[in-house]
Amino acid sequence: MLRSIKGLKDILPQQTPQWRYMETLAHTLATQSGFSEIRIPIFESTELYARSIGGATDIVEKEMYTFPDRDGSSLTLRPEGTAGVVRAVLEHHLLESPSTRKLYYLGPMFRHERPQAGRYRQFNQFGVEAFGTEDPLMDVEVIALLWRFFNSLGLKDLTLHINSIGNSQDRENYIQEFKRFILPKLELICGNCQRRYSTNPLRILDCKVPICQEATQDAPTLFDHLSPESASHFKTVLDGLTVIDIPFSMNYRLVRGLDYYTRTTFEITTPHLGAQSTIGAGGRYDGLVALLNGPSTPAIGFAVGLERVALLLSQHLSTPHPPLFFVAGFGKDAKPMALKLLHNLRETGIRADTDYKSVNLKSLLRSADKLGASYAIILGDDEARSETAILRNMTTKAQESVNLKEISQKILSLTL
RNA sequence: GUGGGUGUAGCUCAGUUGGUUAGAGCGCCGGAUUGUGGAUCCGGAGGUCGCGGGUUCAAUUCCCGUCACUCACCCCA
């Protein structure tokens, strides 16, 4: 049997209503907060991702779907959304207009990881990016939008973890000190972390291996090494969250995996998803726009993993369909009339269907029942002769004869 | 990339201490006097027992390999 590619999955009819619900909510909430939708390509030049995400990260090192174009240039399926949005923003000068500095997107991302619960090789993200201000209240606004999205979906037991990793200078200073601290313990920590010592020392703090956690127990915290500006920025963010009653949990060890993050970083977790507990995360990236040859521009954003959210959604979250009318046409003369009726109903805006496999009234009604029709419209040769049809309520079994000329209007009044 | 678990009908799973026609429930299709559905009863279709090899008179069952799915490590949304 032909199967889908490993780590990819179909979203089946039973699930699509929930997806629409999530997506609609994302559009609504983002728009309410003044964000405009942007749609960008799902692949870009490899260089864009390599430069923005960081060469020493796992994403760039081993998780990208990279392939040569026919002219030999290297392309990559997008592993995340921010880099592409920044590229588009610069290419189309969106920073020039106040109305296009807050953007959101929805769409598939690709990472070649080993699949497991809540982790796929193609997965969908809802993300927002706000450019051009370093006001900490923008941090609050972005986090509040993320929080509100989850709340509106009825998600429970969520924790907002938050930290500040400072600006690049703060981090540089801290890294020096942290390296001095960890150097004597280098033999104790895991091999992965020994490698990180030279590539990405901050991630040692985030390591889940017990010996590493122990080794960094008394490490100096980045939090204590923030510059006065970064510290005051962070304090204003926390105060702002308090003002609007968003509970948070300080997490000094929270270091995000992408190189471009600065200052505020945050992550929302759930205890109900096994190992993949993060359902949304983000932070500031004040240096990225400049890194991609744009004007020095502060920015902040988040991304939500929609597959993970979908796993948490209650099955009841779906938009109900309008009532279905089943046209049961049978008999030589009646069938063409039934075809015309079905077509007319649909043109009138009524949800209508039939079943071409069923040939007698019994099997037609059975099909009507299986399809969940609210009404069946019976049109046999007897009815055809008098230009009428029988309108049957499938739940009450009440039925009446209706003139074919009036039936669309009659049905329209029923659906209101 | 590394480890664990699982692969029998469309779905959920039994089963065979190795033995000849492999089962159930649900679902699907049909019938119960010919133009009235759902319930009930009856019947039917549907399986290379993941794939390949080995042991054996005999393998779905035991052994080896392989693939797929899954969970976890890692990493991240």
Side-chain angles (χ1 to χ4, degrees), chain A residues 1-9 14 53 56-64 78-82 106-127 146 150 190-193 195-196 200 203 206-209 212 254-258 266-270 273-283 301-312 326 328-331 334 355 357-384 390-399:
Chain A
M1 198 201 311
L2 258 34
R3 305 179 128 278
S4 72
I5 304 301
K6 182 200 281 285
L8 274 54
K9 75 184 189 82
Q14 212 176 7
I53 296 168
T57 61
D58 277 18
I59 293 180
V60 172
E61 266 184 359
K62 50 194 185 198
E63 294 175 1
M64 295 204 302
R78 65 184 185 193
E80 58 103 42
T82 302
L106 236 22
M109 307 296 163
F110 306 83
R111 290 181 201 170
H112 189 107
E113 298 181 88
R114 197 72 177 263
Q116 72 187 69
R119 193 169 77 184
Y120 307 95
R121 289 183 174 180
Q122 174 178 336
F123 57 100
N124 288 276
Q125 287 190 335
F126 157 46
L146 178 61
F150 292 141
C190 75
N192 219 327
C193 283
R195 196 174 61 91
R196 285 174 177 144
N200 195 351
R203 288 211 54 82
D206 213 18
C207 186
K208 276 137 205 139
V209 178
C212 301
L254 178 65
V255 177
R256 314 258 50 255
L258 285 59
F266 53 92
E267 179 170 306
I268 291 182
T269 61
T270 170
L273 275 188
Q276 260 54 51
S277 57
T278 303
I279 56 175
F302 69 66
V304 174
L306 294 179
E307 275 76 6
R308 291 182 186 177
V309 175
L311 288 171
L312 296 173
F326 184 94
F330 60 105
D355 172 22
K357 263 175 72 182
S358 303
V359 290
N360 54 40
L361 183 54
K362 185 192 184 75
S363 57
L364 281 163
L365 284 175
R366 191 181 301 162
S367 293
D369 193 53
K370 298 252 162 74
L371 291 175
S374 305
Y375 290 84
I377 301 166
I378 300 168
L379 211 178
D381 285 346
D382 293 352
E383 289 75 22
I390 297 170
L391 183 59
R392 176 183 177 83
N393 183 318
M394 292 297 282
T395 40
T396 66
K397 294 183 166 184
Q399 54 185 50

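Side-chain atoms are counted along with the backbone in the values below, which use heavy atoms only and exclude waters and symmetry mates. Reminder, nothing fancy here: chain letters follow the sequence lines and each chain counts from 1. A quick note: this is a predicted structure, and the numbers were derived from the prediction, not measured.
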Look at the side-chain N and O atoms of [X] and state whether any lies under 4.0 Å from the OP1 or OP2 oxygen of [N].
{"X": "A:Arg366", "N": "B:G30", "result": "yes"}
{"X": "A:Gln116", "N": "B:A72", "result": "yes"}
{"X": "A:Lys362", "N": "B:G37", "result": "yes"}
{"X": "A:Lys62", "N": "B:G1", "result": "no"}

Out of [options], whichever nucleotide has its closest atom nearest the side chain of [X]:
{"X": "A:Arg114", "options": "B:A72, B:C76, B:C29", "answer": "B:A72"}
{"X": "A:Asp369", "options": "B:G37, B:C76, B:G35", "answer": "B:G37"}
{"X": "A:Ala275", "options": "B:C73, B:G35, B:G37", "answer": "B:C73"}
{"X": "A:Gln276", "options": "B:A72, B:A77, B:U36", "answer": "B:A72"}

Subject >> Contact nearer the 5' end of RNA chain B, comparing A:Gly118 with A:Lys6 >> reply: A:Lys6
**OP:** Could you check A:Glu113 against A:Asp381 and say which one's nearest nucleotide on RNA chain B is further toward the 5' end?
**Re:** A:Asp381
**OP:** Measure from the side-chain N and O atoms of A:Asp355 to the backbone N and O of A:Leu364, and report whether any donor-acceptor pair falls under 3.5 Å.
**Re:** no
Original post:
With distance as the sole test, does A:Arg78 use its side chain to make a donor-acceptor pair with the main-chain N or O of A:Pro108 at under 3.5 Å?
Top reply: yes
Original post:
What about A:Arg119, does its side chain sit under 3.5 Å from the base of B:C71 through a donor-acceptor pair?
Top reply: no
Nearest-angstrom distance from the residue atom [atom1] of [X] to [atom2] of [N]:
{"X": "A:Ile390", "N": "B:U36", "atom1": "CD1", "atom2": "C1'", "result": "9 Å"}
{"X": "A:Arg3", "N": "B:G7", "atom1": "CZ", "atom2": "P", "result": "15 Å"}
{"X": "A:Asp382", "N": "B:G35", "atom1": "CG", "atom2": "P", "result": "10 Å"}
{"X": "A:Leu365", "N": "B:G31", "atom1": "CG", "atom2": "P", "result": "14 Å"}

